[in-house]
Each structure stands twice: as structure tokens, then as C-alpha cells.
Amino acid sequence: MSQNRIPGSSGYALIGDKSLDFYKDPVHFCNSRIHSFGSRIFQARLLNKPTIFVCSVKGMKEMLCEKVNCFEASYTPSMCKLFGDVICFTHGEEAQLLRLSLMQLFNNKALEIHRDYVNRVCTRNLKDLEQCREPVAIYGMFKRLATELVLGIFLNIDAEESAAFFKQITELSTQHWHGLISAPVNVKVSAWSSGFSQALEAKEKLLSIINDRLRSENEGFVSKIKDVPFPENCSAAQHLLLFISALIPKALASLLTSFTIELAGSNKAHVRKCAQENETFLDHVLLEIERLWPSFIGGRRVAKQDTTLCGYTVPKGMQVMFVAFAVHRDPEIFADPDEFQPERWSGRNAGQETLLCCFGNGSRNCIGIGLNDMILKTAVGYLLNNYCWEMDPPTQSLHYKWLPVTRPCEDLKMKFTLCSYKSQCSSSTPECSAHHERSV
Ligand code: HEM
């Protein structure tokens, strides 16, 4: 076993902390260190803890798969308080048993009962976009769509029939969520505490609503979760709180926004046409969106024992973070890593989708992958089948922020027009590979 020291420095407590630098511009933070250390693994002090940043596919796979037992999830006490006793904070065998039980609610057969609903809500939210007088701010639109889907699927709350109730829950989830994001970055302790206590109040109100739904509903997800053999009575409600958290609509809206931006404009008509006609090509487009613009920055762990990553020594107690956008742009695996090239997934990178970590990786990956897949494909399918779209105005800032979810700093505006692809593009190869140019 090699005993190499990880490049970089974790500095001294407090004065050596680099959290502000990281949260301000994580891309610059990682890329500048990768460049100066000549290594996709390095260390720095984050949230005042020595932290290893993993930016290579090999390092991510080692951390989340091969050496999964050497690491456990590392969450702040405030996160545990805001969500209670849920799968994310559970370790080892207990976590695996809980996952097995929860997966019954997320397997393909169980998800089929939501398909009609997902179709209906996507149609309702995405129809008549061509009639909007003003260009559409897309992130906001997708977040509203995803919130409606999440509350309908998990709590049987219909945004049209129960508009006031829907609004109340959406506001409470936002308040709950603000407590979470204010914690690590806000240096004003008093402001943080008040945000945090408001979040705890929102949590109690949400739990009370969820418990009412658990008692009154006899169908759908909220009814089925009652059959899951949780260790505690309150676990069903706490997991529902996690599933309706504002984080999930944001993550879905992030991917839908990046998809819409990447395929915008007349120069992308042939890509949209191929994606509409060829399901495999659409899969490859979505993989490429996940690769370039993963919704979340990554995930954190702590070493349970002395171990190594890519040959570097990792002492017990060390924090480790995989950085999804940097892993996804590892040039060892992804040639021309910054280029949008869906065709790579049928060529050089065919069969390598397990090297991505947009949804985590290994035995603790996201349990919502199937549901996300259904939602993403239904929404983008509707867009592709009905519209052409372009930025309006044509020049807007494409500058991205990566926290709390990946999205343009300014909500981009698009004009949608009804579209017949036949009139736009007569020549398409199965993979549409040769024709497109990159616009983001
Ligand atoms: C675009 C949407 C989503 C994205 C990008 C996403 C991403 C992720 C990622 C990256 C992880 C792993 C975190 C880590 O390793 O530290 C994760 C875990 C998880 N996700 Fe998702 N997720 C999404 C939607 C969902 C949905 C819809 C659900 C279910 C309702 C869900 C439930 C979970 C759970 C329970 C875990 C923790 C699993 C465990 O600890 O074993 N996610 N997700």
C-alpha cells in the first residue's frame, strides 16, 4: 500500500478554512487546484475540517464502491435535526435493510402507477407555452412543475383542486429548506439561528400535515409507505418529509433547465429532432446533460478507518467529498470533457454510464433514479414533441452557479414555438453525431 500524502494543505483551524472560496466558485476552486497540484485528488479545509476533494472517476469509484465500507455519510448535526431519522443518516446493515424496504416503493412496477399522473401534470404545465406573451423563465417554470409532481406523487395533493393547500406546503418546504442552506455558509450566527429555528417550525408543521395524510389517504405512495417495516413509528412521516423536501424539485428543475438550454436555438433543431425520434439518442442526450451539469455538487463522507484513495493515505476521521462536475470532466475517461457530445455514449464511452455520479454511485446511490427518469423523459418528451425553442433575448448570460443546485445565475428566458420537425431537418443519422455545434 502506498503511503503518499495527498497534495494540498488543510491549513490551520479557522484561519486556514477555504469554505467561502469553495462555495463562492466551486469550479474555479477545484480546477485551479487540479491544475497547480497536477492531481485530481487534493486536500483543503472545508467547513473548518481537513477535507479530501475527489475529482477523478477512479477516486469516486473507489470511495463509493470498492471501499464503501471504509467511509460513512457525513452530515452536519443541523441536517440531522431538520430531517430526523432517515435513510441518509443510517449506516451499514441497517441502511441496507432500510434501502431494500424503500426500494419496493421505487421499483419499476411500483412506479408505473404514477405514469398517468406524471403525464397529466407535465401536459398541464407545459401546454400552450407558445401562447405566452412574454418569454418563459425556464428554471422557475420547471421548479413549479417538479414541485407539483412531488407533492402529487408523495402526498396525493392536487395543485389544481387544492391550490391554497399546495401553496401552503410549498412555502413551508421552502422555509424548511432555507434553514438547511443557511447553516454552513452564513457567518452571522444570530441570523443563522433565526433561520434555523424557523426551519424547525416549518418541519413541525409539515410533519403534522404529513401525519394527517398518512391517516386519511388510502391509496398512492402515502398509503403504501405505511407498509414499509421501519424501525420507528415516526419513520414513514420523516421519510415523506425528506421526499417532499424542496431539494428534489430543485434538482429536477436543474436538469430540465440544462437540457432546455443545451438544445435551444435553430442550430440545435437536428439534435432535438433526433432526440424526439430516437429513444436511445435521447438517453444519450440526457446522460450528457447529467455529465456536464449534475444537479448537486457531490456528496460527503468521513473515513471510518485508515485507508487509501488512488494510492494516497486517508487517515481515519478525514472528511472526503466527491465533486460531481469535476469527476464528470475527468479527461482520462471523457475525451473533450467540456464538450456536449451525446454520441460519446454510443462510441468511446458506450456502457460507461456507471462512471457518472449525478445520482451518487454504488450501494448508497439515489433511490429515486427510476422516478427521476420517468419525470425527466415525460417532460422533455413533451417539449420535443411539441416545440422549438430559443433564447429570447438571444444573448443572455450563461454563467452557471453550482450551489445549492446547478443552474444559470440568472433564470434564462426562452421563446417556445409550435414545431414540426419534418420541415426543419431532413437528414438525420441515428446518432445525429456529425451535425451539431455547442452553444453553452
Ligand atoms: C434530479 C433529481 C435527483 C438527484 C440529482 C438526486 C441525486 C442524489 C445523489 C447525488 C445522491 C447520493 C448522495 C451521496 O452519495 O452523498 C442521492 C441519494 C438519495 N436520493 Fe436522490 N436525487 C434526486 C431525486 C431523488 C428523488 C425523487 C428521491 C426520492 C423521493 C431521492 C431520494 C434519495 C435518497 C433517499 C438518497 C439517499 C440514499 C441512501 O442514503 O442510501 N432522490 N440522490
Side-chain angles (χ1 to χ4, degrees), residues 54 60-61 63-65 68 71-76 79-80 83-107 110-111 114 118 142-143 145-147 149-155 173 221-222 224-225 228 230 235-236 238-259 286-287 289-291 293-302 319-325 327-328 356-377 379-380 402 404-407:
V54 175
M60 178 277 291
K61 285 300 262 187
M63 169 183 172
L64 299 182
C65 301
V68 62
F71 298 96
E72 63 185 22
S74 161
Y75 290 99
T76 57
M79 279 175 92
C80 303
F83 283 106
D85 225 350
V86 289
I87 173 93
C88 311
F89 316 130
T90 313
H91 306 299
E93 215 170 289
E94 193 190 344
Q96 289 314 321
L97 286 173
L98 201 46
R99 277 180 69 99
L100 271 181
S101 302
L102 282 171
M103 284 313 288
Q104 292 166 24
L105 303 172
F106 288 96
N107 64 29
L111 290 178
H114 304 300
V118 171
F142 289 133
K143 198 167 76 163
L145 163 67
T147 306
L149 286 168
V150 162
L151 291 184
I153 289 170
F154 294 121
L155 293 182
S173 336
F221 192 97
V222 59
K224 294 213 163 55
I225 200 171
V228 173
F230 287 117
S235 296
Q238 285 175 341
H239 279 88
L240 283 169
L241 178 72
L242 174 71
F243 299 156
I244 64 157
S245 116
L247 196 60
I248 288 176
K250 279 173 189 288
L252 281 162
S254 156
L255 290 173
L256 288 168
T257 299
S258 296
F259 168 88
L286 290 174
L287 280 175
I289 298 296
E290 285 165 24
R291 187 183 72 78
W293 315 108
S295 309
F296 297 132
I297 197 114
R300 287 157 61 86
R301 302 286 187 274
V302 59
Q319 301 285 318
V320 185
M321 178 181 192
F322 68 91
V323 186
F325 69 78
V327 169
H328 290 176
L356 296 180
C357 52
C358 176
F359 296 100
N361 207 300
S363 57
R364 296 302 296 269
N365 71 351
C366 178
I367 64 171
I369 290 178
L371 180 60
N372 290 319
D373 195 55
M374 180 189 282
I375 292 175
L376 290 175
K377 283 198 184 140
V380 303
W402 299 82
V405 293
T406 306
R407 68 179 184 94

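Counting starts at 1 for both ligands and their atoms, in listed order. Note that the coordinates shown come from a computational prediction; the quantities given were computed from them, not determined experimentally.
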Inset, instruction - For Ile367, take its heavy atoms, then give the atoms of ligand 1 lying under 4.0 Å from any of them. - result: 20 (N), 32 (C), 33 (C), 34 (C), 35 (C)
Inset, instruction - Looking only at distances, please establish whether an N/O atom of ligand 1 is found under 3.5 Å from an N/O atom of Arg301. - result: yes
Legend entry - Which residue and heavy atom of the protein sit nearest atom 40 (O) of ligand 1, plus the separation: Arg364 NH2, 2.9 Å
Legend entry - Under 4.0 Å to a heavy atom of Gly360 - the qualifying atoms of ligand 1, by number: 9 (C), 10 (C), 12 (C)
Inset, instruction - Answer yes or no: is there a donor N or O on one side and an acceptor on the other, between the side chain of Ser245 and the main chain of Leu241, under 3.5 Å? - result: no
Inset, instruction - Considering the heavy atoms of Phe154, write down every atom of ligand 1 situated less than 4.0 Å from one of them. - result: 30 (C)
Legend entry - Contacting atoms of ligand 1, where contact means under 4.0 angstrom from a heavy atom of Phe322: 15 (O)
Legend entry - Proximity of Phe296 to ligand 1 by residue part, where a heavy atom lies under 4.0 Å: side chain
Inset, instruction - Specify whether Trp402 and Phe325 have parallel, tilted or perpendicular ring planes, treating 30° as the upper limit for parallel and 60° as the lower limit for perpendicular. - result: tilted
Legend entry - Arg99 side chain vs Asn365 backbone, donor-acceptor pair below 3.5 Å: yes
Legend entry - Numbering as shown, the atoms of ligand 1 that approach Gly299 to under 4.0 Å (heavy-atom distance): 16 (O)
Inset, instruction - Compare Cys366, Cys358, Ala324 and give the one whose heavy atom is closest to atom 42 (N) of ligand 1. - result: Cys366
Inset, instruction - Check whether any side-chain N or O of His328 sits under 3.5 Å from a backbone N or O of Glu290 as a donor-acceptor pair, and report yes or no. - result: yes
Inset, instruction - Output the list of atoms in ligand 1 that are nearer than 4.0 Å to some heavy atom of Phe106, sorted by atom number. - result: 29 (C), 30 (C)
Legend entry - Tyr75 and Phe89 aromatic ring geometry - parallel, tilted or perpendicular at 30°/60° bounds: perpendicular
Inset, instruction - Find all atoms of ligand 1 within a distance of less than 4.0 Å from any non-hydrogen atom belonging to Asn365, and give their numbers and elements. - result: 38 (C)
Inset, instruction - Before signing off on this row, confirm whether Ser295 and ligand 1 have an N or O atom pair separated by under 3.5 Å. - result: no
Inset, instruction - Report the nearest protein non-hydrogen atom to atom 2 (C) of ligand 1: residue, atom name, distance rounded to 0.1 Å. - result: Asn372 OD1, 3.3 Å
Legend entry - atom 13 (C) of ligand 1 touched by protein heavy atom at under 4.0 Å: no
Inset, instruction - Evaluate the criterion ring pair (Phe, Tyr, Trp, His ring centres under 6.0 Å) for residue pair Phe142 and Phe259; output intermediate values, then yes/no. - result: CA-CA 11 Å; Phe142 289 133; Phe259 168 88; 8.6 Å; no
Inset, instruction - Locate the shortest heavy-atom distance separating Trp293 from Leu255; write the atom from each residue and the value. - result: O-CD2, 3.6 Å
Inset, instruction - May I ask you to decide if Val405's main-chain N or O and Ser295's side chain share a donor-acceptor pair within less than 3.5 Å? - result: no
Inset, instruction - Indicate, as side chain, backbone, both or neither, the part of Leu102 found under 4.0 angstrom from ligand 1 when only non-hydrogen atoms are considered. - result: neither
Legend entry - Pair Phe296 + Phe322: ring centers closer than 6.0 Å: no
Legend entry - Exam field: side chain Ser254 to backbone Lys250, donor-acceptor pair closer than 3.5 Å: no
Legend entry - Atoms in ligand 1 with a heavy atom of Arg99 nearer than 4.0 Å: 38 (C), 39 (C), 41 (O)
Legend entry - Heavy-atom donor-acceptor pair, Asn361 side chain to Cys357 backbone, under 3.5 Å: no
Inset, instruction - Return the option from Cys88, Gly362, Ser363, Gly370 holding the heavy atom at the smallest distance from atom 37 (C) of ligand 1. - result: Cys88
Legend entry - Shortest protein heavy-atom distance from atom 26 (C) of ligand 1, along with the residue and atom involved: Ile248 CD1, 3.5 Å
